Amino acid sequence: MVMLVLAGLFATTANAAEPVKIARDDTALDLTATTEIYTNQGDAFQVSTAAGADGIRRRIEVRSSSPQHQGDWAVFALANVSEEQLERVIVAPHFRLVNSKLFWPDLGSQRIIAITPSEGFALDRQPSTEADVFRITLNPGAVITFVAELSTPQLPQIYLWEPDAYKDTVNAFTLYRGIVLGIAGLLAVFLTILFVVKGTSMLPAAAALAWAVLAYICVDFGFLEKLISVTSSDQRIWRAGAEVALASSLVIFLFTYLNLNRWHVHLGYATFAWILGLGLLFGVAIYDPSVASGIARLSLALTATAGIVLIIYLGFNRYDRAILLVPTWALLLVWLFGGWLTITGRLDNDIIQPALGGGLVLIVLLIGFTVMQHAFAGGAYQQGLFSDLERQSLALTGSGDTVWDWDVARDRVVTSPDISIRLGLAPGTMHGPARNWLPRLHPDDRDRFRATLDVLLEHRKGRLNHEFRIRAEDGHFHWLKIRARPVLGSNGEVIRCVGTIIDVTEQKNSVDRLLADAMHDNLTGLPNREVFLDRLQSVLALANGSEALRPTVMSIDIDRYKQVNDSLGISAGDNILIALTRRLRRLLKPQDTLARLSGDEFGLILVSERDPAKVADFADAVSKAIMVPINFANREIILTASIGLASWVDQQESATGLLSDAELAMYRAKRAGGNRVEPFRPAFRAGGTDRLQLETDLRRAIDRKELSMVYQPIMRLADGEVAGFEALMRWDHPKRGSIPPSEFIPIAEASDLIEPLGMFALERATTDLTDWEKQTGDVPIFVSVNLSSAQLLSSEIYNDIRAMLTKTQCDPRRLKLELTESVVMENPEQARLVLGKLRDTGISLALDDFGTGYSSLAYLTRFPFDTIKLDKALVCDHSDKRAVLLKSIISMARGLEMKVVAEGIETEEDGQELAKMGCDYGQSYLYGAPIGAESALRLLRERFPLTKRA
């Protein structure tokens, strides 16, 4: 609505605009420069009109007609200087690439909501999807001021067209756009078909770039609006998305065509990060199209810059792909320079925008010709470069079963015989491009496999010696070892890699079984106690920083399991444990952990449930699952379980403490008759207060150095000389006095203290032995130290002992480690592996307490022991069969070239009798009680006076 006023009290005012004179022959006038923009002027706007034919200027007030109006206005004036009535159209394009800017570009929108003339009614809007078009009629000699109500403060261009001329121009551009759009569509389809037929990696990258260009052309030429309904705001999102797709596909094409991962593996990671960042821009385009478009335009510039650097570098290295890409990239740089001149406003022409679209299609066309040259290159020369005889000759250098031949130039792998059949696949499945192997490789081996091939191609020398896992048709992974060498062409490039592939699955499985035995229970396959505690400690560490994680520990003990073993046999008991393991596993979720802690005790870490009621229901489900009858040997066996629960509430609590609480609750349930679930209560600790206090004191004793070592002499029975000492640990408690090892060693073994105690004993004993040698000279003695099961099962024991020997500078031949039969048999394979490595260092190994357990003779040949220690129960036996038994054992040991130590000799006569039988050493209170390190030094000085140093 227009209102003539003399003065405006509340409306914002503006000065009059100078009129643009229009003649009959003017077909198109650019009104952009003469149009005045007023921003943030409110809903009511006053302006002085241009002087009419009578020379009078008037003031008009215009009010907004749309809620979308933000207070932005535009004013221009037109004067009909002809003597005819003129029909014209005012055109304001929604989007102009010209002067759209690099950062936060203007991606177009509706520009003009309505136009109000100073005379007459508001102008009629003409239908158009690409511009705001308004039709006007100017009478002869009329001077009219127009006030445009803007939807945005930007008005890149406003034109005054003669209607027929405007229509002809639109039709002319429509024809051009149709041609360009058709060429872009044909290119995209053709490259896609070519990719399907040929399948090389550069073709899908080129096809992706062609489709991205097609999408950009559809949006830029307004073809998208003909396919779907698009609003002005949606058009900005589509335009930003098309520019992001164009930037992403160009990066992918450059990386794939130049095969950059062959030159440096880090280029692959950098490109992946770049593409991932551009991929995220698709989401940004929905919320802020200008930001996404600006980053995409910057990425195009950076890609072009990086591309020219790579092309120059690789071209000087005679990389033919880089050389062939020079014309295309030069055209791309020209296109980007023209685009930069356009978006910065240095080129201001209506033709430049469609011309840039056509240039983009021309670039893709040139790229299509370039990739086609590579896709169909390599004829009979490359295929026939090696005969079958030469291929077999090269394969023999690899010394394997299956010949592996990679034609690098054609990117084709051939195996003979076909390894696909060995993997259970269709014949020829593994033949073709090297990338066909990647989906079947283990995820952890893919990057290493690709990087190994790239390094070989980059260095152009050396040999390929690589192990990897590949999935067979049945889902199992085979370990393959590939050994090959590169073959160079006349230009120095690698054109082929030929070698062999060997299946080493059995060897790898053997090693894996040894490692699994160290961490899992041999019977059920569940994690053992050490792994259980390690996982529980990790869960507790995560629980400290997460309110949603509240783990519960369950100790599950089978009631009357010993009776089943006694009545049905150990085999039946083992089968029952396996069946119970399967039942319990079905109740767990992936984040929960089930472990076998001891014979019939299971441990469970419940993470999937935190509500107390649901935890109780889960424990009840565990109890009911165990109670389901088991059929064995036509007998029905019904078992029950005592279950203890301990929930994590104290952030300072350790994994060992939480498991101990659960076990206390389990013992309370068992004492109450079994077949029940008992939650832990602090009152349960009262029964084990002394034991827990002793464990706490033992931890402090290690830090306060309250522990010490004493040494009991080991005498050579033949001449009565000191041959060595057995190191024994003593604990002088500040309140309870001396505590024997029989009391605190079991506590240490049940907790996590046995390893630091064992290393303390080893380090103290070897340090004292080194000090004695410095004081007395090179005396022929050794020191024996006991080794516990926890130390033997530790994966770091070998490295710890080697580091300790280096630190103390002790001769490994002077150190003897003593192990009992029960310690060795807890994990025989692990024990054999660790003891063998220790024996190789020169350390002696003694089998302690021989004669008390099963005393299997197989242990003496299976494990690398060099000494047997006869238990005192066997030595002190005064029955008639004693002499025969001792003589047989000693004779057997000497036949195996092993030393024999007799413990608990009570009289001199017994010692002389054992010496006559061939026993080497004796150890008992008859020859000396355990003494301190200083007393041992004095004893050595007395026994070996000639070795004293001056």
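Bear in mind the structure is a predicted one, so any value in this text is a computation, not a measurement. The figures that follow rest on heavy atoms only: side chains count, while hydrogens, waters and symmetry mates do not.
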Next on the checklist: Do Leu577 and Arg596 make a side-chain contact, defined as non-hydrogen atoms from C-beta onward lying under 4.5 Å apart?
Outcome noted: yes
Next on the checklist: Evaluate Arg529 against Leu659 for side chain to side chain contact (heavy atoms under 4.5 Å, CB included), listing each step before the verdict.
Outcome noted: CA-CA 10 Å; Arg529 190 183 191 94; Leu659 178 58; 3.7 Å; yes
Checklist entry - Taking atom CD of Glu663 and atom CG of Asp661, what is their separation to the nearest 0.5 Å? => result 9.5 Å
Next on the checklist: Would you compute the distance between atom CD of Gln775 and atom CZ of Arg941 and round it to the nearest 0.5 angstrom?
Outcome noted: 5.0 Å
Next on the checklist: Just to verify, what does Lys670 make a salt bridge (Lys or Arg N to Asp or Glu O under 4.0 Å) with, not counting sequence neighbours?
Outcome noted: Asp557, Asp559
What pairs of donor and acceptor atoms, side-chain ones from residues 532-541 against any protein atom, are under 3.5 angstrom apart with sequence neighbours left out?
residue, atom, partner, partner atom, Å
Gln537, OE1, Ala655, N, 3.0
Ser538, OG, Asp534, O, 3.1

Checklist entry - Can you tell me how far CG of Leu937 sits from NZ of Lys774, rounded to the nearest 0.5 angstrom? => result 13.0 Å
Checklist outcome for this item: Between Arg730 and Pro930, the two heavy atoms sitting closest are NH2-CG, 3.9 Å
Checklist entry - By side-chain hydrogen bond (donor to acceptor under 3.5 Å, both in side chains), which residues pair with Arg802, not counting sequence neighbours? => result Tyr798
Item to check | Any Phe865 side-chain heavy atom under 4.5 Å of Leu819 side chain | outcome: yes
Checklist entry - Which heavy-atom pair separates Asp920 from Val900 by the least distance, and what is that distance? => result OD2-N, 2.9 Å
Checklist entry - Under 4.5 Å between any side-chain heavy atoms of Cys876 and Glu906, yes or no? => result yes
Checklist entry - Are any of the side-chain heavy atoms of Val722 and Met715 separated by less than 4.5 Å? => result yes
Item to check | With Glu601 via salt bridge (Lys or Arg N to Asp or Glu O under 4.0 Å) - residues at least two apart | outcome: none
Checklist entry - Which atom names give the shortest non-hydrogen contact between Thr552 and Ser647, and what distance separates them? => result OG1-OG, 3.5 Å
Item to check | Partners passing ring pair (Phe, Tyr, Trp, His ring centres under 6.0 Å) against Tyr711 (at least two apart in sequence or in another chain) | outcome: Trp772
Next on the checklist: If I compare all heavy atoms of Tyr921 with all of Ala723, which pair ends up nearest, and what's the gap?
Outcome noted: CE2-CB, 3.4 Å
Checklist entry - By side-chain hydrogen bond (donor to acceptor under 3.5 Å, both in side chains), which residues pair with Thr593, not counting sequence neighbours? => result none
Checklist entry - Heavy-atom distance under 4.5 Å between the side chains of Arg469 and Asp444, does that happen here? => result yes
Checklist entry - Roughly how far apart are Ile889 CD1 and Leu874 CG, rounded to 0.5 Å? => result 5.0 Å
Checklist outcome for this item: On a heavy-atom basis, the closest approach of Phe602 and Leu594 is CB-CD1, 4.3 Å
Next on the checklist: Donor-acceptor check, side chain of Thr770 to backbone of Thr808, threshold 3.5 angstrom: yes or no?
Outcome noted: yes
Item to check | ring pair (Phe, Tyr, Trp, His ring centres under 6.0 Å) partners of Phe477, counting only residues at least two apart | outcome: His442
Item to check | Minimum-distance pair of heavy atoms, taken over all atoms of Ile868 and Ala893 | outcome: CD1-CB, 4.0 Å
Checklist entry - Would Arg668 and Phe680 count as a side chain to side chain contact (heavy atoms under 4.5 Å, CB included) if you check the C-alpha gap in whole Å, the side-chain angles of each, and the deciding distance to 0.1 Å? => result CA-CA 9 Å; Arg668 180 60 62 96; Phe680 170 77; over 6 Å; no
Checklist entry - Under the side chain to side chain contact (heavy atoms under 4.5 Å, CB included) criterion, do Phe782 and Ile714 qualify, and how do the steps go? => result CA-CA 9 Å; Phe782 60 86; Ile714 299 176; 4.0 Å; yes
Item to check | Pairs flagged by side-chain hydrogen bond (donor to acceptor under 3.5 Å, both in side chains) wherever residues 718-728 is involved - sequence neighbours left out | outcome: Arg716-Asp719, Glu726-Asn786, Glu726-Lys869, Glu726-Gln923
Item to check | Residues in side-chain hydrogen bond (donor to acceptor under 3.5 Å, both in side chains) contact with Arg814, at least two apart in sequence or another chain | outcome: Glu773, Asp778
Next on the checklist: Run the side-chain hydrogen bond (donor to acceptor under 3.5 Å, both in side chains) test against Gln809 and tell me which residues pass, sequence neighbours left out.
Outcome noted: none
Item to check | Listed partners of Lys916 passing salt bridge (Lys or Arg N to Asp or Glu O under 4.0 Å), at least two apart | outcome: none
Item to check | Residues Leu817, Ile801; criterion side chain to side chain contact (heavy atoms under 4.5 Å, CB included); working and verdict | outcome: CA-CA 11 Å; Leu817 300 179; Ile801 291 180; 4.1 Å; yes
Next on the checklist: Is any side-chain heavy atom of Trp731 closer than 4.5 Å to one of Leu757?
Outcome noted: no
Item to check | Residue pair Gln712 / Tyr927, side-chain heavy-atom distance below 4.5 Å | outcome: no
Checklist entry - Side chains of Asp697 and Ile739: does their closest heavy-atom pair fall under 4.5 Å? => result no
Checklist entry - side-chain hydrogen bond (donor to acceptor under 3.5 Å, both in side chains): which pairs involve residues 887-900, sequence neighbours left out? => result none
Checklist entry - So how far is it from Met917 CE to Leu717 CG, rounded to the nearest 0.5 Å? => result 11.5 Å
Checklist entry - When rounded to the nearest 0.5 angstrom, what is the spacing between CG in Leu835 and CZ in Phe863? => result 7.0 Å
